[in-house]
Protein chains: 2
Amino acid sequence: MLSIEQLKNLFPDWEQGLYESVLEHAELKEANAGEILLKKGQNIKSAMLVVEGTIKLYQEDEDGGEYFMYHLNPGEACAVTLVCNYHHEQSQVLAKAITDIKFLAIPVTYMEKWLNEFKSWHYFVIKTYRSRYEELLKTIHEVAFKNMDERLEFYIKKQVDQFGVTVKLTHQEIANDLNTSREVISRLLKKMEHNGWIKMNRNAFDWIKKQN
Amino acid sequence: MLSIEQLKNLFPDWEQGLYESVLEHAELKEANAGEILLKKGQNIKSAMLVVEGTIKLYQEDEDGGEYFMYHLNPGEACAVTLVCNYHHEQSQVLAKAITDIKFLAIPVTYMEKWLNEFKSWHYFVIKTYRSRYEELLKTIHEVAFKNMDERLEFYIKKQVDQFGVTVKLTHQEIANDLNTSREVISRLLKKMEHNGWIKMNRNAFDWIKKQN
DNA sequence: TGGGTGGTGTGATAAATATCACAATTTAAT
DNA sequence: ATTAAATTGTGATATTTATCACACCACCCA
């Protein structure tokens, strides 16, 4: 299990009692890069708090299409699984481990209990929802108003923020995340290379565009 | 001002003290159909709880494009304005009165105070965020995966749920809400008419498609 | 009653993206 | 080293949506 100091580093705004209750009742789980942590339609039985690694949240179409929404990092919670007051909630989204990860799984019963006991848990839940709500707003803005070239740039920048200037993704993987085809991404990346925005390698490229 | 009974009807899950505090500190405001209640980039100084009428939440592009997200009805709160703990938050979205409306404006200072005093306010805020988060998920699903014909059907159904089977909107208004052009909507509606899904009139049409 | 005005219909064309086909290249495996 | 698999490049074509141009029609109103 985690030490209370580790918990405090990850979640600095909590109350003392909350740390103790988390240590007592949450389960520390691990998953490997590539594992699906949350399927569409799956019943939610515990909340997920990221301890280590990165999780990707995305939507899935009936025909297998995907659309990337945002990443979850250590110290963040999966809003979808914070189903206070709602039992038997079904997930509308997918969560996949991008790296090897560790996370705390909190049974829904305790999530509700803590709402009554810990103010800091309340704030944490609200803060989580608010920040994810804002991520979704950005996603809608992109997909509703922008063409693929701009959406690709937006996507790459998120990858760069997350993992650094070397983006280790194949064209196909990017195309999946943006619900388009590999050819489209290949052509747009080639154009970015001509413009001097990226330096391409096999299975990866570097983002070298100077901002403004 | 409202009576405490009206408040209880609108927000049945609150504590007694919360009703009283709302009556004391919230301002009951009115607005006419068509009025913009929240502009993009506007500083949020009070939360909006709908008492009467319907509010439309949508996003705006830099080039004037729009995209409809969801409606707010009596008993619901605008998630964007529930900026607990965050001061000087800027709105990323627009809110417009679709009908004449009445709403309660709650100063941010009280919103935070109530988080400490009333459990039911906490639940209300969390519930609000959760339901709006889910609306945004649906919106992303439509705009990321569906063609305009399906998005139009999805849109019309939301209008029907809100205002009944007679949709009183011009093709241009629908086109604005879906960030497309009037011609596209006209042609798709014509197709729906041929398929027997709608009966068209001037400035309005009836949704007559039988479900499944 | 005869213009406006706003709403709708529709063809022609352009632009963005999707899809198909296949070549070329790099890496991994034997 | 040689083959197989994965990745990328690229032309051709189809589909979807956007844009332009203009006709037509209903309704208000001076």
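Keep in mind that what you see is a predicted model, and the values were worked out from it rather than measured. In the text below, chain A, chain B and the rest are named by the order of the sequence lines, each starting its count at 1.
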From [atom1] of [X] over to [atom2] of [N], roughly how many Å is that when rounded to an integer?
X      : N      : atom1 : atom2 : answer
A:Y67  : C:dT17 : OH    : C1'   : 14 Å
A:E193 : D:dG9  : CD    : P     : 7 Å
B:E150 : D:dT16 : CD    : P     : 11 Å
B:L188 : D:dT16 : CG    : C1'   : 10 Å
A:L178 : C:dA16 : CG    : C1'   : 15 Å
A:K191 : D:dT8  : NZ    : P     : 18 Å
B:H194 : C:dG9  : NE2   : P     : 10 Å
A:F205 : D:dG9  : CZ    : P     : 11 Å

Protein-nucleotides 6-8 of chain C N/O pairs under 3.5 Å:
unit_1, atom_1, unit_2, atom_2, d
C:dG6, N2, B:R202, NH2, 2.5
C:dT8, OP1, B:N203, N, 3.2
C:dT8, OP2, B:H171, N, 2.9

Checklist entry - Hey, does A:K209 have a side-chain heavy atom less than 4.5 Å from the side chain of A:E153? => result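 Yes - at least one pair of side-chain heavy atoms lies under 4.5 Å apart.
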Item to check | Upstream residue (5' side of DNA chain C) when A:E183 and A:N147 are each assigned their closest nucleotide | outcome: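 Residue closer to the 5' terminus by nearest nucleotide: A:N147.
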Next on the checklist: Any donor-acceptor pair under 3.5 Å linking the side-chain atoms of A:H71 with those of A:T54?
Outcome noted: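 On atom types as modelled, these side chains do not qualify, holding no pair under 3.5 Å.
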By side-chain hydrogen bond (donor to acceptor under 3.5 Å, both in side chains), which residues pair with [X], not counting sequence neighbours?
X      : result
A:Y67  : A:R151
A:E66  : none
A:Q172 : A:N176

Checklist entry - When we call it a touch if two heavy atoms are under 4.0 Å apart, what does A:D149 touch: a base, just sugar-phosphate, or nothing? => result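 Touches nothing.
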Next on the checklist: Less than 4.0 angstrom between a side-chain N/O of B:S181 and OP1 or OP2 of D:dT17, yes or no?
Outcome noted: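 Checking D:dT17 against B:S181, no side-chain N or O comes under 4.0 Å of OP1 or OP2.
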Checklist entry - Going through the checks in order, is the side chain to side chain donor-acceptor pair (under 3.5 Å) test met by B:R132 and B:T128? => result CA-CA 6 Å; B:R132 295 312 135 184; B:T128 297; over 6 Å; no
Next on the checklist: Among residues at least two apart in sequence or on other chains, which ones pass side-chain contact (heavy atoms from CB on, under 4.5 Å) with A:Q6?
Outcome noted: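 In terms of side-chain contact (heavy atoms from CB on, under 4.5 Å), with neighbours along the sequence ignored, A:Q6 is linked to A:L2, A:S3.
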Item to check | Exercise: identify the closest heavy-atom pair between A:L82 and B:R130 | outcome: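 Scanning both residues completely, I find the closest heavy atoms to be O-NH1, 4.1 Å.
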Next on the checklist: side-chain contact (heavy atoms from CB on, under 4.5 Å), that's the test. Do A:Y155 and A:L178 meet it? Break it down for me.
Outcome noted: CA-CA 8 Å; A:Y155 174 84; A:L178 293 175; 4.1 Å; yes
What pairs of nitrogen or oxygen atoms, one from the protein and one from nucleotides 12-15 of chain D, lie under 3.5 Å apart?
unit_1, atom_1, unit_2, atom_2, d
D:dA12, N6, A:R187, NH2, 3.4

